[in-house]
Every structure is written in C-alpha cells, then in structure tokens.
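In what follows, a structure is listed as structure tokens, so that the remarks can point back to it.
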Amino acid sequence: MDVYIFAAVLEIAWAFGMKMSEGFTRPLISFVTIALIVISFFVLSKSMQVVPVGTAYAVFTGGGAVGTAIIGMTFLNEETSIIRVIFIGILITGIIGLKFVSGDSKKAQSEERAT
C-alpha cells in the first residue's frame, strides 16, 4: 500500500473516532483518536518525501473524505442517495487521475535526471 493511501486510511479512522468520542467526552476513544491524528499526519509528511505535495495531500484529504462518507452511509445511518454516490465516484476518479498524472511526471523527472 502506498504510504499516502495509508495516511488516508488513518484519516478515515480518526474521523470515525471523533464521531465515536462524542465531542471528546469518552476518554479512551478520545486518546485513540488523537493518537491516530498524530500518526496520520506523520505518515502524510513521510509520503510527501516520495510524491508531490499536491498528490499526497489530495489522496489524503480526498481518500479520507470518500472513506468517511462511505463509513457514514454504511455504519452511521447517514443519508445514501444516488447523487451522493455519483459525487463520491467523481472524487475517486479525480484522485485516481491525479495519482496517474503525478506518477508520469515523477517518472519523467527521474528520466531527466538520469540523462
């Protein structure tokens, strides 16, 4: 798993933890949530050493938003509508597209340095 995708998974976990902490009134869940926030930002910072900042941050925030929306619809009884699913699909398409384009630009930069 790419490190910035792992950062997005951690973002989903801490967003869910925030909901479960009930405004940070549940100490154990609050502690775990804060730890996940710190770890996710650390992993995000490490991913920025490997990929462009725009790609890393877009995957982190976009992936976190998509995952959190899906978790909300699946486990928290949040509204599920066709238009919401369509927009989640648009987000996923954008994230994949940005990753694809960034991969090509990074490869091109490596090839330029080699010559």
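Every heavy atom of this structure was used, including side-chain atoms; hydrogens, water molecules and symmetry mates were not.
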Inset, instruction - Give the intermediate values and the outcome of side chain to side chain contact (heavy atoms under 4.5 Å, CB included) for residues I88 and M73. - result: CA-CA 12 Å; I88 289 171; M73 290 184 293; 3.4 Å; yes
Legend entry - Step-by-step side chain to side chain contact (heavy atoms under 4.5 Å, CB included) determination, I5 to V59: CA-CA 7 Å; I5 294 172; V59 172; 4.1 Å; yes
Distance, nearest 0.5 Å, that separates [atom1] of [X] from [atom2] of [Y]:
X: F16; Y: L76; atom1: CZ; atom2: CG; result: 5.0 Å
X: F6; Y: L10; atom1: CZ; atom2: CG; result: 4.0 Å
X: L44; Y: F42; atom1: CG; atom2: CZ; result: 11.0 Å
X: M20; Y: L28; atom1: CE; atom2: CG; result: 14.0 Å
X: T80; Y: R84; atom1: OG1; atom2: CZ; result: 6.5 Å

What about [X] and [Y], same hydrophobic cluster or not, with Ile/Leu/Val/Met/Phe/Trp/Tyr joined at side-chain heavy-atom distances under 4.5 Å?
X: V66; Y: I71; value: no
X: V3; Y: W14; value: yes
X: L91; Y: I96; value: yes
X: I12; Y: I95; value: no
X: I39; Y: Y57; value: yes

Legend entry - Residue pairs fulfilling side-chain hydrogen bond (donor to acceptor under 3.5 Å, both in side chains) with at least one residue in residues 19-30, sequence neighbours excluded: none
Legend entry - Partners meeting side chain to side chain contact (heavy atoms under 4.5 Å, CB included) with I86 (sequence neighbours left out): I82, I90
Legend entry - More than 12 heavy atoms from other groups under 6.0 Å of CZ on F24: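 Enclosed: over 12 neighbouring heavy atoms sit under 6.0 Å from CZ of F24.
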Inset, instruction - Identify the two heavy atoms, one from I29 and one from G17, that lie closest to each other, and give their separation to 0.1 Å. - result: CG2-O, 3.5 Å
Legend entry - S40 side chain vs I37 backbone, donor-acceptor pair below 3.5 Å: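 Present.
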Inset, instruction - Look only at the side chain of T55 and the backbone of V51, and say whether a donor-acceptor pair between them is shorter than 3.5 Å. - result: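 No; zero donor-acceptor contacts below 3.5 Å.
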